[in-house]
Amino acid sequence: ALGAGLASLFGAALSLSLACGSAGARMLGAATMGIFWQQLAGLGHDLGHSGVSHSFWADHLAGSVLSSVMGLSTCWWKKDHNTHHVVCNAVEHDPTIQHMPILAQSPAQFAKPFYDSYHRKTVGMCDVARFLVSYQHLFFYPIMAVGRFNLYIQGILYLLQRPDKAHFPKLEAAMIAVYFAWNVAVAASMPTLAQSVGWVLVSHAVSGILHVQIVLSH
């Protein structure tokens, strides 16, 4: 049932984006694509935790293949997210709350410089960071609307580093290339540049609603 629902969302998103004549329908297709990515993230999360087939290798392989429609690296996600579970919300160690110099999740990040054990660097509050964080309540939602692009970058950088513990890295890199190929093709199929940009922004902003929920719930 889950697979059928996801396939229906993906098909509806492509149909509205490619087969309809109005700009409104195309943007509705973009929004539907964002909803598809939101729902797919739940499946990706469970695959990353080996919670679907309960086989590490089968679930990881499925997650890597799904990168072709998800665009995110399962290898990177597991390293990042598993670390989060081990040191949940620990300022010095949890990579999911380390977004300086733009966002600060705790007053402790203001108190004094600290060593970020995940990224292996010292983080402090310079004047630029202090200015940006002071206005994070204004930046937060716009950042969440485009936050998915950061996930793309993090995954690609991780795969380029060729980490020893990554599984199926070549397959995953190929699937991510497929993802960007069809994304660019759909956006480029729009009749105007404005609609192409709009399609990308709307689809990512709608999927960004999930980012807002995750940040607030954590």
Side-chain angles (χ1 to χ4, degrees), residues 2-45 47-48 62-77 80-81 96 99 102-103 138-161 168-215:
L2 175 61
L6 288 171
S8 297
L9 277 173
F10 187 58
L14 291 180
S15 296
L16 287 165
S17 300
L18 300 173
C20 294
S22 70
R26 296 187 190 101
M27 294 307 106
L28 179 59
T32 305
M33 186 64 73
I35 295 171
F36 166 70
W37 287 332
Q38 281 190 39
Q39 298 305 306
L40 186 62
L43 176 59
H45 174 275
L47 288 169
S64 294
V65 172
L66 281 177
S67 294
S68 61
V69 288
M70 183 168 54
L72 307 181
S73 166
T74 298
C75 294
W76 164 78
W77 183 89
D80 182 274
H81 193 71
T96 64
H99 304 297
I102 299 175
L103 299 174
L138 301 178
F139 299 149
F140 177 72
Y141 289 104
I143 289 172
M144 292 299 103
V146 295
R148 190 177 180 87
F149 291 103
N150 178 58
L151 304 185
Y152 298 150
I153 293 169
Q154 295 301 320
I156 291 170
L157 289 177
Y158 183 75
L159 292 175
L160 288 176
Q161 292 169 2
F168 312 116
K170 293 181 179 179
L171 171 65
E172 195 163 280
M175 293 298 98
I176 290 175
V178 170
Y179 171 85
F180 282 109
W182 70 256
N183 254 263
V184 170
V186 172
S189 72
M190 302 293 129
T192 66
L193 177 60
Q195 288 188 38
S196 294
V197 173
W199 191 91
V200 172
L201 292 179
V202 169
S203 60
H204 285 72
V206 170
S207 70
I209 295 172
L210 178 63
H211 304 161
V212 173
Q213 182 273 320
I214 290 172
V215 172

Inset, instruction - Quick one: list whatever passes side chain to side chain donor-acceptor pair (under 3.5 Å) with Q154, sequence neighbours left out. - result: N150
Legend entry - For S64, all residues meeting side chain to side chain donor-acceptor pair (under 3.5 Å), sequence neighbours excluded: E172
Legend entry - Over all atoms of both residues, closest heavy-atom pair of I156 and F180: CD1-CE1, 4.0 Å
Inset, instruction - Rounded to the nearest 0.5 Å, what's the gap from CG on L2 to CD on Q39? Could you check? - result: 8.5 Å
Inset, instruction - Kindly give the heavy-atom pair with the smallest separation between S67 and S73, and that separation in Å. - result: OG-CA, 4.5 Å
Inset, instruction - Using side chain to side chain contact (heavy atoms under 4.5 Å, CB included) as the criterion, list what pairs up with V197, not counting sequence neighbours. - result: L193, L201
Legend entry - Contact list for residues 183-193, test side chain to side chain donor-acceptor pair (under 3.5 Å), sequence neighbours left out: none
Legend entry - Any residue meeting side chain to side chain contact (heavy atoms under 4.5 Å, CB included) with F149, in chain and number order, not counting sequence neighbours: V146, Y152, V200, H204
Legend entry - Residues forming a side chain to side chain contact (heavy atoms under 4.5 Å, CB included) with A31, sequence neighbours excluded: V202, V206
Legend entry - Sub-4.5 Å side-chain heavy-atom contact between W76 and L157: no
Legend entry - Sole residue of L16, L28, V186, L14 in side chain to side chain contact (heavy atoms under 4.5 Å, CB included) with M33: L14
Inset, instruction - Could you grab the distance from atom NZ of K170 to atom CE of M175, nearest 0.5 Å is fine? - result: 14.0 Å
Legend entry - Distance, nearest 0.5 Å, that separates CG of L6 from CD1 of I35: 12.0 Å
Legend entry - Pairs satisfying side chain to side chain donor-acceptor pair (under 3.5 Å), at least one member in residues 15-35, at least two apart: S17-W199, R26-Q195
Inset, instruction - Could you list the residues that satisfy side chain to side chain contact (heavy atoms under 4.5 Å, CB included) with I143, not counting sequence neighbours? - result: I102, L103, F139
Legend entry - Heavy-atom pair of closest approach, residues F10 and V69: CZ-CG1, 4.1 Å
Inset, instruction - Give, for atom CG of L40 and atom OG of S207, the distance between the pair rounded to the nearest 0.5 Å. - result: 11.0 Å
Legend entry - Listed partners of H211 passing ring pair (Phe, Tyr, Trp, His ring centres under 6.0 Å), at least two apart: none
Legend entry - Mutual orientation of the aromatic rings belonging to W77 and H45 [parallel < 30°, tilted 30-60°, perpendicular > 60°]: perpendicular
Legend entry - Main-chain N/O of G71 paired to W37 side chain as donor or acceptor, under 3.5 Å: no
Legend entry - Separation between OG1 of T74 and CG of L66, rounded to the nearest 0.5 Å: 7.5 Å
